[in-house]
Amino acid sequence: MKLANNMENVREYLNKLRHDFSKLSLSEKDVNDNPIKQFEAWFTQAVESKVLEPNAMVLSTASKDSVPSARVLLLRNFEANGFVFYTNYHSRKSKDIHENPKANMLFFWPELERQVRIEGVLEKQSDAESDLYFASRPRGSKLGAWTSPQSEKIASRDFIDKKLKEFETRFPGEDIPRPPYWGGYVLKPNRIEFWQGRQSRLHDRIVYELNQNNSWDIYRIAP
């Protein structure tokens, strides 16, 4: 079907797009009592299945005025304390987080017909932990963190290229310190949903929800 410059064809094409999920299933009796352990199991399977960028996720935030914003980031660590990513503390996402720390992470692994939604509250990582991660980054990524005034208006690409040259001169070796405006956030989860695609859109959805006793309730919700 030719789609270019024909909205009717585009609409028809989109309406006919169908994929019936049928590879796997998900049951309450099969999941781990700990959602972090369950995420670890699914993440490991995504890696073993050679999912492209298995740590890629959509991070959704909202401003104090409830204006939503979403972008794709890379997960850099997860443990009992939460899920970690890094960014510029002057970026739009960071401004959102400062005003409203509630956020959502979404992982989608189409090769396994799975997605995971993680809701919680974001907190800044300690300087020591951010320093440790920054030291492990490639030189180019370190210079990039210094170069970009993330989310700010710039006149042209030349601005970035010139700033990069400045910092290449300023930091000629591998020993590049972490910018004071760059570091990590930890999403501390209070609700995690594991979604497994099933036939006829009757998907399996298992939810972990943190209760008042700081333990996890596990239940199924309708697709």
Side-chain angles (χ1 to χ4, degrees), residues 39-40 43-44 46-64 67-111 116 118 120-189:
F39 181 87
E40 181 180 14
F43 183 80
T44 299
V47 172
E48 292 173 346
S49 298
K50 301 188 184 304
V51 170
L52 181 65
E53 301 277 22
N55 60 330
M57 62 180 181
V58 176
L59 175 73
S60 298
T61 58
S63 69
K64 63 180 179 181
V67 177
S69 181
R71 73 290 290 164
V72 177
L73 299 178
L74 297 178
L75 181 73
R76 286 308 182 189
N77 191 25
F78 65 91
E79 54 191 6
N81 190 45
F83 299 80
V84 179
F85 66 91
Y86 294 86
T87 189
N88 187 310
Y89 287 145
H90 296 162
S91 64
R92 177 176 177 179
K93 73 179 78 64
S94 294
K95 292 175 182 177
D96 279 356
I97 294 165
H98 177 72
E99 296 174 350
N100 176 7
K102 295 178 181 179
N104 180 288
M105 290 178 174
L106 171 66
F107 295 84
F108 180 50
W109 300 313
E111 292 85 347
V116 182
I118 306 171
V121 176
L122 284 162
E123 295 181 2
K124 269 189 179 181
Q125 198 178 45
S126 70
D127 286 344
E129 290 173 308
S130 291
D131 286 341
L132 185 64
Y133 172 71
F134 190 81
S136 74
R137 303 184 89 205
R139 172 178 163 78
S141 296
K142 292 177 182 177
L143 291 170
W146 279 97
T147 298
S148 175
Q150 194 175 99
S151 301
E152 293 183 14
K153 290 182 179 180
I154 57 175
S156 68
R157 177 71 194 192
D158 287 343
F159 172 87
I160 293 294
D161 295 338
K162 289 177 181 177
K163 294 290 287 185
L164 178 58
K165 289 179 181 178
E166 289 177 17
F167 284 110
E168 285 175 335
T169 301
R170 179 175 171 182
F171 302 117
E174 292 293 329
D175 187 16
I176 303 173
R178 176 177 63 90
Y181 48 80
W182 190 99
Y185 283 104
V186 183
L187 182 72
K188 297 191 171 183

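Note that these values count all heavy atoms, side chains included, but never hydrogens, waters or copies made by symmetry. Position 1 is the first residue of the sequence, and the numbers go up from there. Note that the coordinates shown come from a computational prediction; the quantities given were computed from them, not determined experimentally.
A heavy-atom distance below 4.5 Å is not found between the side chains of L187 and V121. Looking only at side-chain heavy atoms (C-beta outward), L59 and N104 stay at 4.5 Å or farther from each other. For the pair L74 and M57, the minimum side-chain heavy-atom distance is 4.5 Å or more. In this structure the side chain of I154 reaches within 4.5 angstrom of the side chain of I160, judged on heavy atoms. Looking at S94 and Y181, their side chains never come closer than 4.5 Å, going by heavy atoms from C-beta outward. With contacts defined as side-chain heavy-atom distances shorter than 4.5 Å, the pair V116/W109 qualifies. Side-chain contact check for E168 versus R139: some heavy-atom pair is nearer than 4.5 Å. For the pair M105/F85, a side-chain contact is recorded, criterion being any heavy-atom separation below 4.5 Å from C-beta on.
Taking every heavy atom of both residues into account, E99 and K64 meet most closely at OE1-N, 3.1 Å. Across F107 and I118, no two heavy atoms sit closer than the pair CE1-CD1, 3.8 Å. Here the shortest heavy-atom pairing between L52 and E111 reads N-OE2, 4.0 Å. Contact record, L75 with V84: CD1-O, 3.4 Å, taken as the closest heavy-atom pair. Summarising the geometry of V47 relative to P54, their closest heavy-atom pair is CG2-CG, 3.9 Å, with the distance given to 0.1 Å. For the residue pair R170 and P172, the shortest heavy atom distance occurs at O-CD, 3.3 Å.
A perpendicular orientation is assigned to the rings of Y89 and Y185, their planes being inclined by more than 60° (bins at 30° and 60°). Ring geometry, F39 versus F83: the interplanar angle exceeds 60°, so the pair is classed perpendicular (tilted spans 30 to 60°). Ring geometry for W146 against F167 counts as tilted: the plane angle lies between 30° and 60°, on a 0 to 90° scale.
Listed for the T44 side chain is a donor-acceptor partner under 3.5 Å among the backbone atoms of E40. Of the possible polar contacts, none joining the S49 side chain to the V51 backbone as a donor-acceptor pair under 3.5 Å is found. Side chain of S91 to main chain of N88: a donor-acceptor pair is present (N/O by atom type, distance under 3.5 Å, no hydrogens or angles). In terms of modelled atom types and a separation under 3.5 Å, the side chain of S60 and the main chain of A70 share no donor-acceptor contact. S151 places a side-chain N or O within 3.5 Å of a backbone atom of R92 that can act as its donor or acceptor partner. Side-chain atoms of S130 come within 3.5 Å of backbone atoms of G184 as a donor-acceptor pair (strictly under, hydrogens ignored).
The one candidate from K102, K93, K95, R71 that meets the side-chain hydrogen bond (donor to acceptor under 3.5 Å, both in side chains) condition with T61 is R71.
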TODO: Decide side-chain contact (heavy atoms from CB on, under 4.5 Å) for L143 and L164; before the verdict, give the C-alpha distance in whole Å, the side-chain angles of both, and the deciding distance to 0.1 Å.
DONE: CA-CA 7 Å; L143 291 170; L164 178 58; 3.9 Å; yes

- [ ] Quick one: do S126 and E129 satisfy side chain to side chain donor-acceptor pair (under 3.5 Å)? Show the steps, please.
- [x] CA-CA 5 Å; S126 70; E129 290 173 308; 3.0 Å; yes

Task: D161/K165 under salt bridge (Lys or Arg N to Asp or Glu O under 4.0 Å): CA gap, chis, key distance, verdict - done: CA-CA 6 Å; D161 295 338; K165 289 179 181 178; over 6 Å; no

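Aromatic rings from F134 and Y86 are positioned such that their centres are separated by 6.0 Å or more.
Residue pairs meeting the salt bridge (charged side-chain N to carboxylate O under 4.0 Å, His left out) criterion with at least one partner in residues 172-187, sequence neighbours excluded, are D127-R178, D131-R178.
Summarising the geometry, atom CD belonging to Q125 is positioned 9.0 Å from atom CG belonging to N81; distances are rounded to the nearest 0.5 Å. In this structure, W182 CH2 and Q150 CD are separated by 10.5 Å, a value rounded to the nearest 0.5 Å.
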